[in-house]
2 protein chains.
Amino acid sequence: MEQISPPLTSDDSARPISPAPGETLTEAAYFAIRRDIISGALAPEERLRIERLSRLYGVGPTPLREALQRLCAAGLVHASGNKGFAVAPLSMDEFTDLTIARVAIEEQALRLSIEHGDDAWESQVAATAYQLNKKDVALIASGEVALSDWEAANSAFHAATVAACGSRWLLTLRGRLNEQVERYRLASVALRRADRDLVHEHADIATAVLNRDADRASALIAQHFRKTATLLAGA
Amino acid sequence: MEQISPPLTSDDSARPISPAPGETLTEAAYFAIRRDIISGALAPEERLRIERLSRLYGVGPTPLREALQRLCAAGLVHASGNKGFAVAPLSMDEFTDLTIARVAIEEQALRLSIEHGDDAWESQVAATAYQLNKKDVALIASGEVALSDWEAANSAFHAATVAACGSRWLLTLRGRLNEQVERYRLASVALRRADRDLVHEHADIATAVLNRDADRASALIAQHFRKTATLLAGA
DNA sequence: CACTTTCATTTTGTCGATAATTCATGCGAT
DNA sequence: ATCGCATGAATTATCGACAAAATGAAAGTG
């Protein structure tokens with residue numbers, strides 16, 4: 001989540017992972033590899049040889065294999081027969097597929113959230129909407145504001161809107177999908193300075209949500225996601 | 001999927017798994033353990049000690065650990081710190097949560113499928129609906145027909161209806177959810193002879209789908225799932 | 001030129017050692 | 001006398017090194 005796009009591949013500089021407190025090496029490796037796959041430091045379809053990863057992260061083979069198995073279940077890594085692991089590929093088909101699923105889940109989560117959300121939820125939505133608006137304006141103005149800041153605010157706002165949907169499973173699935181989309185986002189630089197009117201898009205969504213207008217919020221979020229998808233695809 | 005509810009726990013009878021052709025031991029172990037968790041042979045919250053599993057399935061510790069990591073990502077197993085693995089617990093909260101997510105995904109998948117489905121899809125829906133109807137009738141009549149047969153038909157019908165949704169991700173997520181629900185289904189015997197009018201429920205769904213009435217199909221499927229949930233909960 | 005056989009690389013599985021955790025036991029305090 | 005706490009031993013998970021199986025490629029032969 002930190003670095004946007006480091007020296008992509010062939011970055012064999014050792015980046016040893018901290019064993020972390022009360023965390024198993026397997027988990028540490030899992031998070032480290034996931035981060036590097038999402039950020040693109042490990043390129044799509046790149047083969048993940050154990051020995052190399054072992055040198056890279058300074059971890060033994062066993063925790064690495066276990067971490068890779070988990071990533072495999074998460075869909076970020078592909079494991080074929082006896083031919084080892086590789087970073088999951090990136091394709092347009094997969095991306096449109098992903099967008100469909102994402103819209104479906106976000107729409108439903110949003111509807112449920114609007115239906116069940118209480119006052120605290122409303123406050124949170126309003127608060128994150130306000131923060132995001134500030135970041136949106138700053139982004140337009142200074143062109144190259146701290147991007148990770150904006151991303152955090154963006155993510156927080158969208159998370160807040162669906163937080164009251166009442167299903168941890170729905171949110172978990174949503175998280176997994178976002179994880180995947182993040183890869184495409186970061187893979188394409190086009191999205192950065194796309195001159196879309198984010199200020200109004202987000203403001204409209206926030207308004208619809210706070211007005212409890214499920215149909216309108218649903219339509220707007222679908223449009224919002226699809227626009228992102230179109231921009232990313234056309235770039 | 002085969003056995004409904006074998007001697008539950010303390011079944012330490014060796015059930016060695018076949019290495020399978022062109023399949024790695026890790027995968028074999030993964031499927032075997034998943035089957036036993038879903039079927040209830042491995043009880044909820046039961047601790048999964050490596051040594052014991054090793055004796056049970058006749059597999060070394062490493063493949064087992066890797067399989068458990070994957071199951072962990074799938075949500076069927078919980079892994080805590082350095083305290084080993086355990087079968088994921090079953091709770092009412094989790095179940096209602098699950099039902100919400102399931103309805104959300106199935107509704108959307110169904111709508112998309114109705115929108116995009118072609119003639120081949122229609123045929124498949126009609127065919128599986130016909131088969132399921134036969135099994136439904138048989139189930140009512142003979143009281144205790146081959147249950148696995150009925151389940152296969154039921155599963156095939158519902159799968160057919162959403163098959164044309166156009167998103168592999170949506171279907172994958174749906175599969176994961178169904179996996180979880182299956183555990184609750186099999187854990188409760190109440191569902192078996194629940195005298196609900198399955199014949200008509202299924203027939204109505206099939207009719208709505210084939211008539212391309214997305215709203216009605218959506219409503220029916222939600223009702224269908226929620227009824228299952230209610231029956232299961234009340235038992 | 002195609003097919004087979006062999007060899008090297010890579011992945012997978014087994015084993016033994018280390019480190020963490022849990023349970024039981026004994027001591028001290030209330 | 002009982003409850004709480006600390007200590008120690010046994011159990012258990014985690015890790016890294018070694019060995020076996022499988023895959024892919026190259027070379028040799030029909």
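Chain naming here is simple, since letters A, B, ... match the order of the sequence lines and numbering starts at 1 in each.
For residues 85-103 of chain A, every residue pair satisfying the side chain to side chain donor-acceptor pair (under 3.5 Å) rule, not counting sequence neighbours, is listed here: A:E94-B:W169, A:D97-B:S167, A:R102-A:N178.
Remark: A:S155 pairs with no residue by the side-chain contact (heavy atoms from CB on, under 4.5 Å) rule, at least two apart or across chains. Legend: residues meeting side-chain contact (heavy atoms from CB on, under 4.5 Å) with B:Q131, ordered by chain and number and at least two apart, are B:K134, B:K135. For A:V87, the side-chain contact (heavy atoms from CB on, under 4.5 Å) criterion is met by A:I37, A:L42, A:E46, A:L48, A:R183, not counting sequence neighbours. Partners of A:E115 according to the side-chain contact (heavy atoms from CB on, under 4.5 Å) rule, which considers only residues two or more places apart in sequence or in another chain, are A:L112.
Between the CZ atom of A:R55 and the P atom of C:dT10 there is a distance of 11 Å, given to the nearest Å. Taking atom CG of residue B:L64 and atom C1' of nucleotide C:dC15, one finds them 15 Å apart after rounding to whole Å.
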So if I define the base as every atom that isn't primed, P, OP1 or OP2, how would nucleotides 12-26 of chain D read as a B/S/- string at a heavy-atom cutoff under 4.0 Å? SSSSB-----S-S--
